[in-house]
Amino acid sequence: MVQNIYPIVAFYLVITYILLWLLPQDLSLQLSAVISLSGSFMIFLFSRSTPFKQPSLPYKWLSIAFFSYFLGDFLNMMGRFFQWNDVNLNVLLDLPYTIHLTMMVLFFFRQLDLTLFKKQKLLILDSLTLFAVSMIAGYIAIFRFVPSYTRTTLEQISWTFYAFLTILLTLFFFLLYASGLRRNVSRSGFIFLVLGTFILGMTNFVFYTLLLNGEPQISGLLLPLYPLSGLFLIAFLNTRTLPISREEQANLIRVETLTRSLLVYILLSALILYITFFPVSRTFFLLSIGITFLLFLTRQLFSYRENLRLLQETTALQTNLEDIVHQKTELLQLREKELTSLFLSYPEIVFEIDDMYQIRSVNPAAAEAGWNDLPLGPSQRRQLDRLIPLLQQKQSTYPAHLLHVPATEEHPETFLNTTIIDIPHQQRYFVVLADVTEDYQQEVWLERMGYHDSLTRLPNRRYFEEQLYLTLPTLDYGSLLFIDLDGFKQINDTYGHDVGDLLLQETATRLQSMTTPTDLVARLGGDEFLIFIQASASETRQFAEHVLEILNYPFYINTYTLRITPSIGISLYPEDGKSSEQLLIRADEAMYQIKKNEKNNYMFAVHIKR
């Protein structure tokens, strides 16, 4: 309903007032009352329906207001039908209308942002001015006619209080512009609230102005407008929690700022014209003019003082800003000198390059390394060719990068720690090159030592297990061979450790010669070796026999001819285990079993008797 509210309102107004214009005067007044009663009942039903029902206190006030207005319409229609003419009874019948306006006043008061009055003193004067204007207009149009229109003191009090609530509604409509809302609402919600407030306040004001000035027929035609105010207020409740875009918020702030400064002057001008041409007493005319001009001059004085204060703060802020800009400029100049000094004294190669990859300037270290020569030397040209793909990535920030320059016949392999500094919006870069070849090679060597056996240069157990952990999930089958050399201790004791070390190195060489790049060979420690091959059980059997054959050949170490035999335990993946730890344990068990019984042979772990 909220999305289509404007066509609904337009259709309602057109149909209603065409019917009222076509019917005779008596029937049109009766139809107007029936439309008001039906509309107020529909608005009350809308307010109690699930899409619009809310647990907040303002909603409850609004719901009471809608029901009170419907009840007032219903009771007054019953009074006209049964011709209840008693004055006190009529006052009682009008009580729901008073409750309706009281709840509406409370609802609108809750929507105002009263915290702005503490921040902006001019809003207090604007509010007093608006209140004075509303009361003067209310007195001229309504209050002074109430005593002559009413018949008893009770009726006069009732009408005066109701008129005062009407003036408050008009005032709150102006205050919505002057002080703004308690919470930010969407543009649609703000428009709905303004329309609901305006229609209710102005309809009440004009209705009782016409009624008290002897125009009851015309005033009666305004009754169908009351349900419209309720419709817009329900739409406001349904849209005030919608998300607000930055553009909407900026537009609302712009409208509020403009209307806050102009509204008071417009209303004062309108009031002066109104009381000038409306027949009022000279005393009231002079009193009204005096009050409004006093408020106007007071506001101007406060406005002047506020503007003067703002001007002083702006001047002080501008002076402070100039000082800050001056300090920042001096600091930038100092930083520029420091950066220039750093550029010239930096021990590593630093050069400036443009977006066409032409070198524009170099520091002394780069000039000494040949980066200032034109054309560039072969080494510098190769380094720049490796650097250009990094620059072509056009990143906002460039992380430090290890640049690898492969070896050529003239130049060895080089590793450069590269830092690229992009100069924003200038299409140029500073490049810092640090030769870390020696450090990188040492790091690689240390890493290799951590994963390799220093004697045989084979991978060690750590490397073997890590690679096996990564490889096993990708395989359907495989075999782990645990190899132990028989009689190696006697060779060590007889010929010495140097001969034993040479024998282990030769064993490692023979094992490596038998494997493929996809196989894993490692030295476990002492005279124990590991091999993992991607082979089935039958293929593993052939491979194990080949290992026996190769290792049974004599070893010619120095002047000695030596012989050793292997004992091999074999575990199968995944039959004997699905992890490297399980496979090692099972292969170790099989190796000890064959070594205990016969040596120089192999055994599958699945054949161990348990």
**Prompt:** What salt bridge (charged side-chain N to carboxylate O under 4.0 Å, His left out) pairs are there with at least one residue in residues 538-562, not counting sequence neighbours?
**Reply:** none
**Request:** Scan for ring pair (Phe, Tyr, Trp, His ring centres under 6.0 Å) pairs involving residues 532-578, sequence neighbours excluded, and state none if there are none.
**Result:** Tyr495-Tyr560
**Fill in**
Output for pair (Asp453 CG, Thr456 OG1), nearest 0.5 Å, gives 3.5 Å
**Request:** Indicate yes or no: at least one non-hydrogen side-chain atom of Ile533 is less than 4.5 angstrom from one of Thr540.
**Result:** yes
**Complete:** Asn417 meets the side-chain contact (heavy atoms from CB on, under 4.5 Å) criterion, sequence neighbours left out, with Ala400, Ala434, Val436
**Request:** Can you sort out the partners of Leu502 under side-chain contact (heavy atoms from CB on, under 4.5 Å), two or more places apart, ordered by chain and number?
**Result:** Gln505, Ile557, Asn558
**Request:** Would you name the heavy atoms of Glu528 and Asp484 that are closest together and state the gap between them?
**Result:** CG-OD1, 3.4 Å
**Message:** Are Ile353 and Phe430 packed together at the side-chain level, in the sense that at least one heavy-atom pair is separated by less than 4.5 angstrom?
**Reply:** no
**Request:** Check salt bridge (charged side-chain N to carboxylate O under 4.0 Å, His left out) between Lys489 and all other residues, then give those that pass, not counting sequence neighbours.
**Result:** Asp493
**Message:** Looking at every non-hydrogen atom in both residues, tell me the closest pair between Ile594 and Ser567 and how far apart they are.
**Reply:** CG2-CB, 3.8 Å
**Fill in**
Rounded to the nearest 0.5 Å, the CD atom of Glu581 sits from the CG atom of Leu468 at a distance of 9.0 Å
**Item:** Residues Glu466, Leu470; criterion side chain to side chain contact (heavy atoms under 4.5 Å, CB included); working and verdict
**Value:** CA-CA 6 Å; Glu466 287 184 7; Leu470 297 174; 5.7 Å; no
**Asked** Does the distance from a Lys or Arg side-chain N to an Asp or Glu carboxylate O, for Arg381 and Asp385, drop under 4.0 Å?
**Response** yes
**Request:** Flag the pair Leu520 / Ile531 as yes when at least one side-chain heavy-atom distance between them is below 4.5 Å, and no otherwise.
**Result:** no
**Rounded distance [0.5 Å steps], OG1 in Thr419 versus CG in Leu433** = 8.5 Å
**Request:** For a side chain to side chain contact (heavy atoms under 4.5 Å, CB included) with Phe529, tell me which candidate from Leu485, Leu524, Val521 qualifies.
**Result:** Leu485
**Complete:** Asp588 meets the salt bridge (charged side-chain N to carboxylate O under 4.0 Å, His left out) criterion, sequence neighbours left out, with none
Taking distance alone, no hydrogens or angles, what donor-acceptor pairs closer than 3.5 Å link side-chain atoms of residues 319-328 to residues at least two apart or in another chain?
from   : atom 1 : to     : atom 2 : distance (Å)
Thr319 : OG1    : Thr315 : O      : 2.9
His326 : NE2    : Glu330 : OE2    : 2.8

**Request:** Would you check if Val432 and Thr418 make a side-chain contact, meaning some heavy-atom pair closer than 4.5 Å?
**Result:** no
**Prompt:** What pair of heavy atoms forms the shortest contact from Ala544 to Ile570, and how long is it?
**Reply:** CB-CD1, 3.9 Å
**Request:** Just grab all the salt bridge (charged side-chain N to carboxylate O under 4.0 Å, His left out) pairs involving residues 501-520, residues at least two apart or on different chains.
**Result:** Glu506-Arg510
**Asked** From Met591 CE over to Leu481 CG, what is the distance, rounded to the nearest 0.5 angstrom?
**Response** 12.0 Å
**Fill in**
Rounded to the nearest 0.5 Å, the CZ atom of Phe232 sits from the CZ atom of Phe192 at a distance of 7.0 Å
**Request:** Using side-chain contact (heavy atoms from CB on, under 4.5 Å) as the criterion, list what pairs up with Arg360, not counting sequence neighbours.
**Result:** Glu352, Asp354, Gln358
**Asked** Do Leu503 and Phe488 touch side chain to side chain, with heavy atoms closer than 4.5 Å?
**Response** yes
**salt bridge (charged side-chain N to carboxylate O under 4.0 Å, His left out) involving Glu368 - partner list, sequence neighbours excluded** = none
**Message:** Run the side-chain contact (heavy atoms from CB on, under 4.5 Å) test against Glu575 and tell me which residues pass, sequence neighbours left out.
**Reply:** Leu572
**Request:** List for me each residue that meets salt bridge (charged side-chain N to carboxylate O under 4.0 Å, His left out) alongside Asp486, sequence neighbours excluded, and say none if there are none.
**Result:** Lys595
